[in-house]
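Each remark here refers to the structure printed beneath this line.
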Amino acid sequence: MSGKKIRLDKYLVHVGYGTRSTVQKVIRGKKVKVDGQVIIKPETAVNPLTSIVEVNGERMDYQEFYHFILNKPRGYITATEDGRDQTVLDLLEERDQNKEVFPVGRLDKDTEGLLILTNDGKMAHGLLSPKRHVDKIYYARVAGKMTEEDIKMFAEGITLTDGTKYAPGKLEIIRSDEESEIYVTIHEGKFHQVKRMVQAVGKEVVYLKRIKMGGLELPEDLSLGNYRTLTKEELDLLTQTQ
């Protein structure tokens, strides 16, 4: 980002302090300092790169883009809002919700695992574009015995009876029994894709979890329902395939 100046109220909204009306009230209430000076006009221009902005003595550092990694639990919709169900944004602290991040791609309501949330549209597009071939790896438990023939069908690509076509994917069988365990690698992100591919070979997914996206694996120490900011190293792993 360049050193282009922006309005103070826009600055505080971007860093997640609150809504435009909230931050304007705080500014007019003489609770905001810029470079040590109390500012009462929301339209005051500040430089995101050099200005020191404080609210009630707490420094509000600016960064252009935010990148979070979430271990999504079941029961949450992958969306920014929904009229009936809780969304993945409900798992974030209020300040992080205010940063206008959105989920990169989609996990079904009953699917767990790795989900990226960001306000960086260019990065999100690069991760989701089928042309970029960013691999997504899922762990699944399946009702039914997975076979070598299933591996071949996945490798050749699957076309459903309704005409939906899935590009070739990689199926790895961890355990084949009445309930099998598998890894599935795909680079598309079509609706219910893993479930429907498994269904196409005559079995049913009973549990699904995304464990890897690009070069980034779901951290073992990130418990279900929790999230944190991506480290620079993790961000590099995620985007190196773009």
Side-chain angles (χ1 to χ4, degrees), residues 70 72-89 102-118 120-218 238-242:
L70 167 71
K72 178 191 173 297
R74 294 184 180 191
Y76 289 82
I77 301 294
T78 305
T80 55
E81 57 183 350
D82 188 87
R84 296 181 301 172
D85 296 299
Q86 286 187 301
T87 75
V88 290
L89 292 190
F102 55 87
V104 178
R106 173 176 58 196
L107 291 179
D108 298 336
K109 183 177 179 180
D110 61 350
T111 299
E112 297 179 354
L114 190 160
L115 186 66
I116 301 300
L117 299 111
T118 185
D120 186 346
K122 183 177 180 181
M123 186 196 82
H125 175 76
L127 289 172
L128 296 176
S129 173
K131 295 179 181 179
R132 300 296 180 91
H133 295 273
V134 176
D135 284 343
K136 303 162 187 73
I137 302 179
Y138 296 80
Y139 163 80
R141 292 200 301 269
V142 175
K145 291 187 177 182
M146 300 299 290
T147 67
E148 291 295 321
E149 183 61 30
D150 297 333
I151 293 175
K152 293 179 182 178
M153 289 184 67
F154 270 65
E156 292 170 358
I158 290 176
T159 300
L160 304 184
T161 55
D162 66 3
T164 301
K165 294 183 179 180
Y166 296 121
K170 182 180 179 181
L171 169 64
E172 299 174 77
I173 300 173
I174 305 168
R175 178 174 63 90
S176 180
D177 210 325
E178 290 185 6
E179 182 177 274
S180 300
E181 293 180 83
I182 61 174
Y183 292 127
V184 176
T185 303
I186 57 176
H187 62 261
E188 297 175 299
K190 294 180 178 177
F191 184 66
H192 290 326
Q193 182 168 347
V194 174
K195 295 176 183 176
R196 298 183 78 186
M197 291 177 77
V198 169
Q199 193 174 47
V201 297
K203 289 85 176 178
E204 182 181 0
V205 170
V206 295
Y207 174 80
L208 186 62
K209 178 178 184 178
R210 182 157 66 192
I211 59 173
K212 191 171 183 180
M213 189 172 187
L216 178 66
E217 294 186 41
L218 180 67
L238 183 65
T239 58
Q240 66 187 1
T241 53
Q242 291 191 47

**Prompt:** At their closest point, which heavy atom of Ala124 faces which heavy atom of Phe102, and how far apart are they?
**Reply:** CB-CE1, 3.7 Å

**Prompt:** Taking the side chain as C-beta and beyond, is there a heavy-atom pair between Ile151 and Glu148 under 4.5 Å?
**Reply:** yes

**Asked** Should the pair Lys203-Asp150 be classified as a salt bridge under the 4.0 Å nitrogen-to-oxygen rule?
**Response** yes

**Prompt:** How close do Leu70 and Leu117 get, heavy atom to heavy atom, and via which atoms?
**Reply:** CB-CD1, 3.7 Å

**Prompt:** Is Phe191 close to Arg106 at the side-chain level, that is, under 4.5 Å between some pair of heavy atoms?
**Reply:** yes

**Prompt:** What pair of heavy atoms forms the shortest contact from Ala79 to Val88, and how long is it?
**Reply:** O-CG2, 3.9 Å

**Gap separating the CG atom of Asp110 from the NE2 atom of His192, nearest 0.5 angstrom** = 7.5 Å

**Message:** How long is the straight-line distance from CG of Leu127 back to NZ of Lys136, given to the nearest 0.5 Å?
**Reply:** 7.5 Å

**Item:** From Lys212, Glu181, Arg210, residue fulfilling side-chain contact (heavy atoms from CB on, under 4.5 Å) relative to Tyr139
**Value:** Glu181

**Prompt:** Counting N and O atoms only, with roles assigned by atom type, does the side chain of Lys72 sit under 3.5 Å from a partner on the main chain of Asp108, one being a donor and the other an acceptor?
**Reply:** yes

**Prompt:** Of all heavy-atom pairs between Thr80 and Thr87, which one has the smallest distance, and what is that distance?
**Reply:** O-OG1, 4.0 Å

**Item:** From Ile211 atom CD1 to Glu112 atom CD, the distance as rounded to the nearest 0.5 Å
**Value:** 12.5 Å

**Prompt:** So, Asp82 and Lys109, do they make that salt bridge, N to O below 4.0 Å?
**Reply:** no

**Message:** Let me confirm one number: the CG-CD1 distance from Leu160 to Ile158, rounded to the nearest 0.5 Å.
**Reply:** 7.5 Å

**Message:** I need the minimum non-hydrogen distance between Ser176 and Ser180, along with the two atoms involved.
**Reply:** CA-OG, 3.5 Å

**Request:** Please check if the side chain of Glu179 supplies one atom and the backbone of Arg141 the other of a donor-acceptor pair under 3.5 Å.
**Result:** no

**Prompt:** Side chains of Glu149 and Val201: does their closest heavy-atom pair fall under 4.5 Å?
**Reply:** no

**Request:** Search all heavy atoms of Ala143 against all heavy atoms of Val206 and return the closest pair with its distance.
**Result:** CB-CG1, 4.0 Å

**Request:** For Lys190, look at atom NZ and say whether over 12 heavy atoms of other residues, nucleotides or ligands are found less than 6.0 Å away.
**Result:** yes

**Asked** Quick one: are Leu114 and Tyr138 in side-chain contact, heavy atoms under 4.5 Å?
**Response** no

**Fill in**
Rounding to 0.5 Å, atoms CD1 (Ile137) and CD (Glu217) come to a distance of 7.5 Å

**Request:** Mind checking the CG-OG1 spacing from Leu208 to Thr111? Nearest 0.5 Å is all I need.
**Result:** 4.0 Å

**Message:** Less than 4.5 Å apart, side chain to side chain, heavy atoms only: is that true for Asp135 and His187?
**Reply:** yes

